2 protein chains.
Amino acid sequence: MPKPRILPNVILGLLDNHPQMSGRDIENEFQTEIGEFWQASHSQIYPELKRMLADGWIQMVDAQPGDDGKVIRYDITSAGRTHLLDWLHEPVNSDNDALSSLKLYFIHNRTSPTLTSILTAEIRLHRAHVAHLQEREQQLFGSSSLIEQQYGHYLILKRAIEREQNNVVWLEQTLKELKP
Amino acid sequence: MPKPRILPNVILGLLDNHPQMSGRDIENEFQTEIGEFWQASHSQIYPELKRMLADGWIQMVDAQPGDDGKVIRYDITSAGRTHLLDWLHEPVNSDNDALSSLKLYFIHNRTSPTLTSILTAEIRLHRAHVAHLQEREQQLFGSSSLIEQQYGHYLILKRAIEREQNNVVWLEQTLKELKP
DNA sequence: TCGTGCATGTAATGAGTTACATGATTAT
DNA sequence: ATAATCATGTAACTCATTACATGCACGA
């Protein structure tokens, strides 16, 4: 099966929050706001908009008074909104975990159940990852001290453990503060 | 200019540490040891080995007694080792920073100057990144409290800051422990 | 009027994944 | 014997990046 395409979901998320965007507007978002976490070039965006239009996820809207000539503005359709929500609610697993941060970007309300569900699933995954990395550390550098012979490998393993542990702490703290 | 290819450097790094590897051996490394941090499939590896052979970075070695039939084993050449070292010593900047961890994997000696230089450059970059993210936080969520309207965005920005700060602390600590 | 930015579009290239494919060896 | 694994190789497809390209609007 082919890899799931992310870009259309991102575009839907942007249109859901800012109606009547043009392709250029979307490109600008990728260079500023969401650009910290995700990028796309205009040569991806324009063909993607065409496809989404054909799929009925977005629709063209009339040009606004201030617009000059060739601007094309889009709105998300109800079919598009359904697709977006389906994507946001897809169960978080080790394959798609990297997209969790991106999904969070499109959740605007702190009381959203989707938010809680993503954070909870992430905690589970990253705890498991910490355990896996610690096991690797034991296997590789536990008994016989090969640290000095493979110092770089040792360092990045240590860094990965540190990063994942910190991530788990942050997730737990964030989830806790969400509750009350 | 086309994107720099990473795979040949990774293969050189592996061959530098384990002589006389076959394509299959390299594939196995990608699934186990280094697989935590980098992956490649055999359909990339085999053509890449051919190219590297043509470039003179590696050479074939005679099959070992236990080998069956079609195994092809390779060694790194002095030209290959030069290329590997050049890559490891490339200045760390914001474009190639993501590869720093990968490079560390190929540094076996804790007294290596390359190690110090990479860690020092990383500290500089990630400090700058923290500053940039904090500035974004101020811009977006500083004065007027838009946090509740863009809660997901707020969260991933916070997480990014936390992650980068933790990274800087780890780098500083690691560098300090390297010195004495 | 001339350069720069806006807004959209297509083409060429390259890198990676999945799938297809073959022959040899080893285990059941 | 035959199924699974080893070891190598090629082909098809997708995705993303870079480059190429057009026409309009606006300011110097």
Side-chain angles (χ1 to χ4, degrees), chain A residues 1-11 14-15 18 20-32 34-35 37-55 58 60-74 95-96 98-99 102, chain B residues 1-11 14-15 18 20-32 34-35 37-55 58 60-74 87 94-96 98-99 102:
Chain A
M1 68 227 97
K3 258 194 181 167
R5 296 183 49 76
I6 314 302
L7 182 58
N9 302 313
V10 177
I11 292 177
L14 291 172
L15 280 174
H18 310 286
Q20 311 207 341
M21 290 179 104
S22 66
R24 183 63 173 239
D25 292 336
I26 292 168
E27 192 196 353
N28 287 339
E29 288 284 312
F30 279 120
Q31 278 163 8
T32 58
I34 198 179
F37 314 102
W38 192 263
Q39 280 107 44
S41 60
H42 79 274
S43 60
Q44 285 176 273
I45 294 167
Y46 289 116
E48 189 64 55
L49 286 170
K50 294 271 169 76
R51 247 170 305 185
M52 294 167 72
L53 195 60
D55 289 344
I58 58 176
M60 289 198 241
V61 294
D62 295 338
Q64 291 179 335
D67 287 350
D68 39 330
K70 51 175 57 177
V71 182
I72 306 171
R73 298 188 172 277
Y74 299 92
D95 289 327
N96 63 26
L99 296 176
L102 185 61
Chain B
M1 68 225 97
K3 258 194 180 169
R5 298 181 48 75
I6 313 303
L7 182 57
N9 302 313
V10 176
I11 293 176
L14 291 173
L15 280 174
H18 309 284
Q20 312 208 341
M21 289 180 106
S22 66
R24 183 63 173 241
D25 292 336
I26 291 169
E27 191 196 353
N28 286 340
E29 288 284 312
F30 279 120
Q31 279 162 8
T32 57
I34 198 179
F37 315 101
W38 193 262
Q39 280 105 45
S41 59
H42 79 275
S43 59
Q44 284 177 274
I45 294 167
Y46 289 114
E48 189 62 56
L49 286 169
K50 293 271 169 74
R51 247 170 306 186
M52 294 168 72
L53 195 60
D55 290 343
I58 57 176
M60 289 198 242
V61 293
D62 294 339
Q64 291 176 335
D67 286 349
D68 39 329
K70 51 174 55 174
V71 182
I72 306 171
R73 299 189 171 276
Y74 299 93
W87 177 65
S94 52
D95 288 328
N96 64 25
L99 297 176
L102 185 61

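Reminder, nothing fancy here: chain letters follow the sequence lines and each chain counts from 1. These numbers come from a predicted model, not from an experiment.
- The residue B/Ile72 sits close only to the backbone: its heavy atoms come under 4.0 Å of sugar-phosphate atoms, none of a base.
- Whole-Å rounding puts the A/Tyr74 OH to C/dA7 P distance at 13 Å.
- To the nearest 0.5 Å, the span separating CD1 on B/Ile11 from CD on B/Gln44 amounts to 8.5 Å.
- If you measure from atom NE2 of B/His42 to atom P of C/dG16, you get 15 Å, rounded to the nearest angstrom.
- Atom pair B/Phe30:CZ and D/dA7:P shows a separation of 17 Å (rounding to whole Å applied).
- Applying the salt bridge (Lys or Arg N to Asp or Glu O under 4.0 Å) rule to A/Asp25 yields the partners A/Arg73; only residues at least two apart in sequence or on another chain are considered.
- A/Met60 places its CE atom 17 Å from the P atom of C/dA7, with the value rounded to the nearest Å.
- Taking only side-chain nitrogens and oxygens, B/Lys50 comes nearer than 4.0 Å to OP1 or OP2 of D/dG9.
- Closest to the side chain of B/Arg24, out of D/dC6, C/dA7, D/dA16, is D/dC6.
- Distance CG (A/Leu49) to C1' (C/dT10): 15 Å, rounded to an integer number of Å.
- Residues passing the salt bridge (Lys or Arg N to Asp or Glu O under 4.0 Å) test with A/Glu48 are A/Arg5, A/Arg51, sequence neighbours excluded.
- Nearest nucleotide to the B/Ser41 side chain, out of C/dT18, C/dT8, D/dT8: C/dT18.
- A heavy-atom distance below 4.5 Å is found between the side chains of A/Val10 and A/Phe30.
- Residue B/Tyr46 places no side-chain N or O under 4.0 Å from the OP1 or OP2 atom of D/dG9.
- Distances from the side chain of A/Ser43 to the nucleotides D/dT8, C/dA11, D/dA16 place C/dA11 closest.
- Between the P atom of C/dT17 and the CD atom of B/Glu27 lies a distance of 12 Å, rounded to the nearest Å.
- Following rounding to the nearest Å, B/Glu29 (CD) and D/dA7 (C1') show an atom-to-atom distance of 16 Å.
- Phosphate proximity of D/dT17 to A/Gln44: present, with a side-chain N or O under 4.0 Å from OP1 or OP2.
- The distance between atom CG of A/Asn28 and atom P of C/dA7, rounded to the nearest whole Å, is 8 Å.
- With hydrogens and angles ignored, the 3.5 Å screen pairs a side-chain donor or acceptor of B/Gln39 with a backbone N or O of B/Gly35.
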